[in-house]
**Q** 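One structure follows; several queries about it will come next.
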Number of protein chains: 2
Amino acid sequence: MGTGQPTVVSIAERAGVSIASVSRVLNGVGARRDTVERVERAASELGYVPNAVARSLKGGRTRQLTFAMPDIGNPVYVAMVRAIQTVTKAAGYRLLLHSTDAVVDDELAVLRSLGDRTSDGLIICPIRITDDHVEALRTAAGPVVVIGSLPDDVPVDSVRADSVAGAELAVRHLHDTGRRRIAFVNGPSDTVPGHNRDRGYRAALADCGLVYDPSLVRHTDFGIESGAEAAEALLDHAPDAVFCANDQLALGAARALHARGLRIPEDVAVAGMDDSMLAQAGWPPLTSVDLGSTERGRRAAELLLERLGIAGASTGNPPPRSTTAPPRLVVRASTGPAATDS
Amino acid sequence: MGTGQPTVVSIAERAGVSIASVSRVLNGVGARRDTVERVERAASELGYVPNAVARSLKGGRTRQLTFAMPDIGNPVYVAMVRAIQTVTKAAGYRLLLHSTDAVVDDELAVLRSLGDRTSDGLIICPIRITDDHVEALRTAAGPVVVIGSLPDDVPVDSVRADSVAGAELAVRHLHDTGRRRIAFVNGPSDTVPGHNRDRGYRAALADCGLVYDPSLVRHTDFGIESGAEAAEALLDHAPDAVFCANDQLALGAARALHARGLRIPEDVAVAGMDDSMLAQAGWPPLTSVDLGSTERGRRAAELLLERLGIAGASTGNPPPRSTTAPPRLVVRASTGPAATDS
DNA sequence: CTGAAAGCGCTAACAT
DNA sequence: ATGTTAGCGCTTTCAG
């Protein structure tokens with residue numbers, strides 16, 4: 001009838017003890033030497049593997065955690081996965097990965113699925129925050145940590161990147177190295193990162209005494225091809241630098257420049273963001289702003305684990321906490337000195 | 001005492017019916033109009049979400065599938081994830097992702113964890129096959145599909161890449177475009193892909209009437225930095241082409257060539273393998289051999305779903321099947337014509 | 001130290 | 001059409 005897999009019952013029969021004793025031995029609770037031996041022998045002879053589902057139903061915990069990200073193909077999320085995995089694995093949790101493609105309905109579904117008890121907690125990285133998100137976060141059936149910015153009154157732990165300051169860092173650097181026509185390839189304007197990077201770009205421009213020129217700015221989706229197309233279009237406006245909202249866009253931009261026979265950085269400088277593995281994939285290596293993806297992932301995982309620990313304790317739930325990872329400019333060859341107009 | 005989450009019991013009480021009726025309504029089995037309405041209202045008022053764990057315990061299935069790959073940072077596996085996800089999602093399964101770092105013990109642990117009933121089936125992509133793998137595959141507690149080659153006598157479905165033929169395709173092409181000193185940056189020699197690519201390289205060399213020169217060959221691990229280092233070393237031996245066992249290595253090699261001021265493809269041609277997203281990330285775009293990663297992922301998922309369907313039926317288990325995806329050469333600028341020795 | 005028994009939330013006979 | 005009841009495999013009181 002069943003799956004044929006050994007259970008505590010089969011072990012108990014074989015060892016001639018009760019299922020309670022089997023459970024105790026298997027969980028390292030005290031038992032007589034003799035009992036321990038017989039149970040262990042029976043278990044290994046039968047090739048017993050505890051049924052995690054049954055254990056979860058009883059214990060109320062699955063020891064699984066979920067990470068939902070917009071795009072598994074984007075290296076910045078890979079970095080987060082690695083960081084999160086390191087922390088959660090050490091704590092004895094499996095990690096379930098979800099790629100939502102930044103589709104709002106998918107994100108909401110993940111949030112609601114916390115109620116199905118498939119995982120004990122969730123780290124989610126939405127790039128847009130709608131009212132539905134806020135509502136779903138408020139009513140989440142389990143602990144959630146958001147990687148990204150969200151309104152202050154949403155009672156959820158969050159880990160943020162400071163992309164405003166990050167964008168400023170990049171633009172200032174470009175200005176410092178002599179560029180004056182700094183183009184900007186940004187992500188979608190209706191996303192939080194897109195919006196913030198735009199703010200940083202404008203602020204830095206103002207700081208440097210440069211005027212904002214809409215013809216030097218493009219919004220597109222995050223991705224190599226998009227970066228190439230946007231940069232292509234931008235070239236008609238003779239920029240001396242292209243700042244991109246992530247490394248994928250920057251790689252695409254660099255390709256477009258090469259295709260036009262322009263030299264990087266002599267003719268046009270290029271800078272990216274995220275300082276992902278891609279920053280050192282092309283030529284020349286890209287200057288990029290590290291937004292602390294690894295640190296954000298680690299921190300998010302730690303926050304989630306803390307919540308989980310507290311949930312067990314009798315303590316009331318402490319107020320939500322929010323950390324912001326500081327940005328860091330990593331200078332590489334793509335923003336070296338401009339050609340001297342001999 | 002419980003988690004406070006609504007259950008069938010709370011709904012039954014609120015709707016004034018039995019838990020059986022609740023279950024029926026929730027599962028779309030016939031019931032009187034009146035009953036349906038009251039149950040549905042109660043459920044939505046309570047914000048009920050079925051407990052998937054309890055459902056699994058009862059039904060014996062989790063509707064979760066696992067994909068275990070060597071490295072989540074390698075775009076070729078990202079392509080597989082996408083393909084697998086598409087198929088499994090359509091069939092109503094969640095996908096659990098595991099990055100094993102190609103560590104044998106991790107892979108074995110994943111294989112054995114099938115016994116804990118956390119997921120209904122497994123797709124695994126090992127790059128080494130040890131005796132322990134074979135043993136674990138034989139005794140797997142659930143359906144498994146292997147992406148990769150394994151001994152014929154292992155009774156498991158598998159989906160293979162033809163990397164021997166793939167490597168031949170690339171080397172022939174390099175030869176056709178006039179290259180005669182074709183260097184090879186390969187992955188670890190103790191892996192199945194590494195071994196096969198080496199075979200293809202040698203076979204093609206022989207076919208083209210070229211001699212195998214060990215000083216033109218390097219083994220390293222798969223990764224951009226490794227590719228750069230290996231190519232760097234190879235340059236002392238004046239190759240006119242560098243064939244790399246994957247796109248990451250090729251990107252690294254391209255970077256090393258650029259750093260030395262060599263032109264691609266005029267001075268040295270570069271070709272990669274996998275035709276991943278990275279092939280079009282750098283400059284010039286890379287010629288690469290598509291090993292059918294998307295198709296392999298899709299096929300693996302289909303095979304697994306078939307096994308799952310059959311497991312339910314009374315049919316005896318059919319013999320294992322093995323598919324091989326044909327390789328396809330994608331020519332891009334990195335292997336354009338060599339400079340004419342004016 | 002050990003066994004009997006309850007019950008986690010749900011589905012599926014079986015009865016009514 | 002609906003209610004009662006028996007488990008799925010496990011952990012954990014509660015007695016002995």
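A note on names: the letters A, B, ... follow the listed sequences, proteins ahead of strands, and every chain is numbered from 1.
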**Q** The criterion is salt bridge (Lys or Arg N to Asp or Glu O under 4.0 Å); which residues satisfy it with B/Glu135, sequence neighbours excluded?
**A** none
**Q** How about CG on B/Asp131, more than 12 heavy atoms from neighbouring residues, nucleotides or ligands closer than 6.0 Å, or not?
**A** no
**Q** In terms of side-chain geometry, is the basic nitrogen of B/Asp153 or B/Arg138 positioned less than 4.0 Å from the acidic oxygen of its partner?
**A** yes
**Q** Could you tell me which residues satisfy side chain to side chain donor-acceptor pair (under 3.5 Å) with A/Asp132, sequence neighbours excluded, listed by chain and number?
**A**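 Checked A/Asp132 against side chain to side chain donor-acceptor pair (under 3.5 Å); zero matches.
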**Q** Measure CD/A/Glu37 against C1'/C/dT2 and give the value in whole Å, please.
**A**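 Roughly 17 Å, once rounded to whole Å.
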**Q** If a pair satisfies salt bridge (charged side-chain N to carboxylate O under 4.0 Å, His left out) and one of its residues is in residues 21-35 of chain A, list it, with sequence neighbours excluded.
**A** A/Asp34-A/Arg38
**Q** Does A/Arg112 come within less than 4.0 Å of A/Asp105, counting only side-chain N to carboxylate O?
**A**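 So A/Arg112 does not pair with A/Asp105 through a salt bridge.
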**Q** At under 4.0 Å between heavy atoms, which parts of nucleotides 10-15 of chain C does protein reach? Answer with one letter per nucleotide, 5' to 3': B base, S sugar-phosphate only, - none.
**A** BBBB--
**Q** Enumerate the side chain to side chain donor-acceptor pair (under 3.5 Å) contacts for residues 51-64 of chain A, please, sequence neighbours excluded, ordered by first and then second residue.
**A**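 For residues 51-64 of chain A: A/Thr62-A/Asp120.
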**Q** Between B/Arg32 (CZ) and D/dT2 (P), how many Å, whole number?
**A** 4 Å
**Q** Return the angle between end axes of the helix from C/dC1-D/dG16 to C/dT16-D/dA1, with five pairs used per end and rounding to 10°.
**A** 50°
**Q** Establish, with yes or no, whether the OP1 or OP2 oxygen of D/dT2 is under 4.0 angstrom from a side-chain nitrogen or oxygen of B/Thr35.
**A** yes
**Q** If you apply the rule side chain to side chain contact (heavy atoms under 4.5 Å, CB included), what do you find for B/Glu302 with B/Val145, and how did you get there?
**A** CA-CA 10 Å; B/Glu302 289 170 353; B/Val145 175; over 6 Å; no
**Q** If I take atom CD in residue B/Glu13 and atom C1' in nucleotide D/dG3, what distance separates them, rounded to the nearest angstrom?
**A** 15 Å
**Q** Name the residue closer to the 5' end of DNA chain D, choosing between B/Leu57 and B/Ser18 according to the nucleotide with the nearest heavy atom.
**A** B/Ser18
**Q** For a quick check of understanding: with a heavy-atom distance under 4.0 Å over all strands, which category does B/Val53 fall into, base, sugar-phosphate or nothing?
**A**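 No contact.
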